[in-house]
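Scroll down for the structure; my scribbles are underneath it.
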Amino acid sequence: MRTLTARRGLADPFPPAAALALLAVAAAALEASVLGWAAIGALAGYALSGSV
């Protein structure tokens with residue numbers, strides 16, 4: 001079993017994607033449409049960049 005190092009934890013694609021998804025949901029809950037669409041666009045760009 002591989003140990004989780006700080007570098008590996010930061011390089012893992014899950015934390016940034018989860019953070020952006022939470023930002024999108026929070027923005028939608030606050031009815032901040034511009035911030036919500038920006039977070040969704042960031043998720044799409046992150047997914048299309050090959051990082052995921």
Side-chain angles (χ1 to χ4, degrees):
M1 187 165 116
R2 297 187 307 188
T3 60
L4 182 65
T5 61
R7 183 174 182 180
R8 186 174 305 224
L10 292 173
D12 187 31
F14 181 71
L20 287 171
L22 287 173
L23 177 64
V25 171
L30 294 173
E31 297 182 12
S33 60
V34 173
L35 182 59
W37 281 113
I40 291 170
L43 273 172
Y46 186 75
L48 292 175
S49 72
S51 298
V52 176

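Through side-chain heavy atoms spaced under 4.5 Å, either directly or across other Ile, Leu, Val, Met, Phe, Trp or Tyr residues, V25 is tied to no other residue. Applying the under-4.5 Å side-chain rule to Ile, Leu, Val, Met, Phe, Trp and Tyr, the cluster around I40 extends to W37.
In this structure, the side chain to side chain contact (heavy atoms under 4.5 Å, CB included) partners of A39, at least two apart in sequence or on a different chain, are L23, A24.
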